[in-house]
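Structure first, commentary second.
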Amino acid sequence: MNQVAMRDNTAEPEGVTLKYGNIPLQGEKRLNLIHGLPGFEHLSAFVLAELEDYAPFCALVSEDEPEISMLIINLQFLSISNNVRVPGREWDAVVANNKDAREIWAILKTDHQSGEFLANVKAPLIVNTEQGIAKQIILDSEDLVVDYPLSEGLL
Amino acid sequence: MRVTQSMMTRNMLINMNQNRENMNRLQEAMASGKEITKASDDPVRFSRAARYRSMIAQNEQYRRNINDGMAWSNNYETVMEEFRSLLEEAKALAIQGADNTQSLDTRQILGNRVDGILEAAVSVANGDHVGKAIFAGTMTDLAEPFSYDGTSVTYNGNSGSITRRIAESMNLNINVSGTDLEATGMFTALINLRDALNANDPVNTAVSIGEVDSAIDDVLTLNSRIGLNKNHLEMTETRLNIADSNIMAFLSRTEDADLAEIISKYNAEETAYQAALTTTSQVLNLNILDFLR
């Protein structure tokens, strides 16, 4: 069970280990998802944390409902990242004026039959890492899909 | 120490291999670590997963409504183009008829052609989509929302809206009523033009050119409204797809395979139970009939 007890962005709470399922999390960062997530519009406060021993995979965990969590991966680890162009107005929406503070992440799900990871590169999460503001955007490009197989594109 | 290209390449390959290895391990961990949850074991988690699954089912219904709305919109776009084409043809006849050199006979011929255009426009306005009149408001069973008696056009429908629920708390009006169509002034413009030509009146024929032009503009404006509707439908559908993808991402970590199996097993048992009830009922009826005989 996921436990998100902390409110301080930097200090880890004593005696509480963040987990994704049975996998411990580390290096957590707090995010404010403006407009929530489609399907979970009522949630905006999230934590982004690394899965211990499973780099580059991370977890996005709701602070208000810790049971709501998803696997995510930074697009820099996917070959398709070259095709992902985020419009300037979207970076403006998360106030990411500093280009060094911009990150793009994809939410992962598993294929029901094969268990293979599929990345949603059609609707990535853009993150302003300086201020912890994020937004899930929808890109127009028809080359981008919601179920991009990681087995094909993981660098 | 100088970092060579081969060292950089080797490090990159090592990282790539490590990433893939970690991905495989994680996939295995998720597959083997799925917590088997039945309603009786953890009703809260079971209930939460079931709730999000029902959202996916609800989104499917919204998508069906969106597809229906799109079909109506596509139909309207085709029809609006037909109206525009008919009006352009009428405008050309009006320009010809407004020429002072035209004779009475010529204008009457033109007037008859405009009458034909008017009949065609009424016929198009009485079109349907899967058996439902498209320009009748909510009176979609009407065979003729518009009737033309050779003199004037009468609208027999209402101004009602047909709506579809396309998302949570989001309804969209998907129809164009006959009232909206009348408001373009299309039929009035064609009738006035016909009458001016039949009366051999070049002055009013010239006035009709402006009226037909205005009707063309209003038809195009109506078409733009339909286009906006289509955009709205497409955007909503995309958002629903993203919502479903996010929900599946959340369910991927939970017991979705087990939940699907549980629901499937419940449905199978329910079907078998209902079948057993039916059989039992038939057996009982036979016995009663036998007794009565």
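Atoms considered below: every heavy atom in the structure, side chains included; atoms not considered: hydrogens, waters and symmetry mates. First the proteins, then the strands, lettered A, B, ... as listed; each starts at 1.
Annotation: maximal heavy-atom pairing with chain B below 4.5 Å, among A:Ile72, A:Leu154, A:Val146, occurs at A:Leu154. Highest contact tally toward chain B, considering only A:Asn120, A:Leu155, A:Ile73, is held by A:Leu155 [criterion: heavy-atom pairs under 4.5 Å]. If you tally non-hydrogen atom pairs under 4.5 Å between each of B:Arg48, B:Met55, B:Met235 and chain A, the highest count goes to B:Arg48.
Contact of A:Leu150 with chain B is made through backbone and side chain together, with heavy-atom distances under 4.5 Å. For A:Phe57, the part lying near chain B is the side chain, with the backbone staying farther off; criterion is any non-hydrogen pair under 4.5 Å. Both the backbone and the side chain of A:Glu116 come within contact range of chain B, judged by heavy atoms closer than 4.5 Å. For A:Leu37, the parts lying under 4.5 angstrom from a heavy atom of chain B are both the backbone and the side chain. For B:Met23, the parts sitting under 4.5 Å from any heavy atom of chain A are the backbone and the side chain alike. Heavy atoms of A:Asp53 lying under 4.5 Å from chain B belong to its backbone as well as its side chain.
B:Arg20 places a side-chain N or O within donor-acceptor distance of the main-chain N or O of A:Ser151, the cut-off being under 3.5 Å. In this structure a side-chain-to-backbone donor-acceptor pair under 3.5 Å is missing from B:Asn246 to A:Gly39.
Considering only heavy atoms from C-beta on, A:Leu51 stays 4.5 Å or farther from B:Asn22 through its side chain. The side-chain heavy atoms of A:Ile68 and B:Tyr52, taken from C-beta on, include a pair separated by under 4.5 Å. Annotation: side chain of A:Gln136 is in contact with side chain of B:Ile242 (closest heavy-atom distance under 4.5 Å).
Contacts between residues 125-132 of chain A and chain B, counted as heavy-atom pairs separated by less than 4.5 Å, involve no residue at all.
With values rounded to the nearest 0.5 angstrom, B:Gln27 atom CD is found 8.5 Å from A:Thr110 atom OG1. Atom CZ of B:Arg25 and atom CD1 of A:Ile23 lie 8.5 Å apart (nearest 0.5 Å). To the nearest 0.5 Å, atoms CG (A:Leu71) and OG (B:Ser252) are separated by 8.0 Å.
Counting heavy atoms of neighbouring residues, nucleotides and ligands inside a 6.0 Å radius, atom NZ of B:Lys230 exceeds 12 of them. Heavy atoms from other residues, nucleotides or ligands lying under 6.0 Å from CG of A:Asp92 number more than 12.
When the salt bridge (Lys or Arg N to Asp or Glu O under 4.0 Å) test is applied to A:Glu90, the partners found at least two apart in sequence or on another chain are A:Lys135.
By the 30° and 60° cut-offs, the orientation of the rings of A:Phe40 relative to B:Phe250 is perpendicular.
In terms of heavy atoms, B:Asn19 sits closest to A:Ala55 at OD1-O, 3.9 Å. Heavy atoms only, all atoms of each residue included: B:Ala249 and A:Lys109 are closest at CA-CB, 3.6 Å.
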